[in-house]
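Right, one structure below, let's go through it.
Read the numbers this way: they start at 1 and go in the same order the structure lists the ligands and their atoms.
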Amino acid sequence: MFREQEIRQGEVQVAVPEQVDAWLIYIGRIHTPWTSRMECPRQGRHDGPLCRIEIFSPWVQGLQDVGLYERLEVLYWLDHSRRDLILQSPKSDGTTRGVFSIRSPVRPNPIATSIVQFERIEGNMLYVRGMDCLDGTPLLDIKPDRTLFSPLAAAQPGDFQVGD
Ligand code: SAM
């Protein structure tokens with residue numbers, strides 16, 4: 001689904017506040033084969049094309065040890081997304097879903113994540129498979145895939161609980 005200003009049957013649009021709360025830094029750019037949303041996959045695949053994640057100075061040193069992980073979680077900013085639809089009709093059939101129940105690129109904060117397959121690092125370039133974004137999409141963060149970590153430890157004395 002991609003659209004500039006179209007509203008489908010049953011969809012609900014809201015006025016987006018102008019205030020900005022977070023000071024996000026674009027730490028790089030993601031280079032992919034896709035230049036139009038028509039051809040971009042909806043979700044990446046680990047047998048998909050090799051993509052290049054360019055890390056900007058001064059963040060390059062943060063790539064150290066990234067190759068210890070076969071799978072990484074990449075967070076990026078869908079910079080061409082509109083942000084004002086809280087009910088959406090992904091199938092254009094009048095059936096609507098709340099934005100927080102779908103992985104649509106159209107969201108109040110168009111943050112996207114992909115679990116990618118690590119391939120290699122060359123200088124400030126990280127090569128991966130599994131991306132699903134347009135060429136030039138801004139990079140927000142890279143982390144080891146959370147599923148590679150053991151379940152959260154049991155609460156310890158002194159940990160805060162909801163309701164404390
Ligand atoms: N895998 C991510 C997730 O689940 O959070 C993104 C899924 S989203 C459905 C992927 C779609 O976002 C692509 O098919 C494309 O239509 C759109 N998209 C990709 N790059 C974009 C960009 N830079 N700005 C706006 N939309 C983009």
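- Every atom of ligand 1 with a heavy atom of Ala112 under 4.0 Å away is listed here by number and element: 2 (C), 5 (O), 6 (C).
- In the vicinity of Ser81, heavy-atom distances shorter than 4.0 Å reach the ligand 1 atoms 24 (N), 25 (C), 26 (N).
- Taking only nitrogen or oxygen atoms, main chain and side chain alike, Pro41 reaches within less than 3.5 Å of ligand 1.
- The closest heavy-atom contact to atom 16 (O) of ligand 1, among the options His80, Arg37, Met38, Arg107, comes from Arg37.
- Side chains of Trp59 and Ile25 form a contact here, defined as non-hydrogen atoms less than 4.5 Å apart.
- Here the side chain of Asp141 pairs no donor or acceptor atom with the backbone of Leu75 at under 3.5 angstrom.
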For this session: Could you check Arg103 against Thr113 for side chain to side chain donor-acceptor pair (under 3.5 Å), going step by step and ending with a plain yes or no?
Result: CA-CA 10 Å; Arg103 297 198 70 94; Thr113 65; 3.1 Å; yes
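- Judged purely by atom type and a 3.5 angstrom limit, Thr96 has no side-chain atom pairing as donor or acceptor with the backbone of Ser89.
- Counting the atoms of ligand 1 from 1 in the order shown, those under 4.0 Å from a heavy atom of Arg42 are 7 (C), 8 (S), 9 (C), 10 (C), 14 (O).
- When the heavy-atom distances from atom 8 (S) of ligand 1 to Glu39, Arg82, Arg103, Met131 are ranked, the shortest goes to Arg103.
- Contact between Tyr76 and ligand 1 is present, with at least one heavy atom of the residue lying under 4.0 Å from the ligand.
- Below 4.0 Å from some heavy atom of Asp79 lie the following atoms of ligand 1, by number and element: 22 (C), 23 (N), 24 (N).
- In summary, Arg8 and Glu6 engage in a salt bridge, as defined by a charged side-chain N under 4.0 Å from a carboxylate O.
- In this structure, Thr137 contributes its side chain and Ile30 its backbone to no donor-acceptor pair below 3.5 Å.
- Proximity of a side-chain donor or acceptor of Arg129 to a complementary backbone N or O of Gly48 within less than 3.5 Å is detected.
- Note: no N/O pair closer than 3.5 Å links Ser104 and ligand 1 by distance alone.
- Under 4.0 Å from ligand 1, the heavy atoms of Ser114 that appear belong solely to its side chain.
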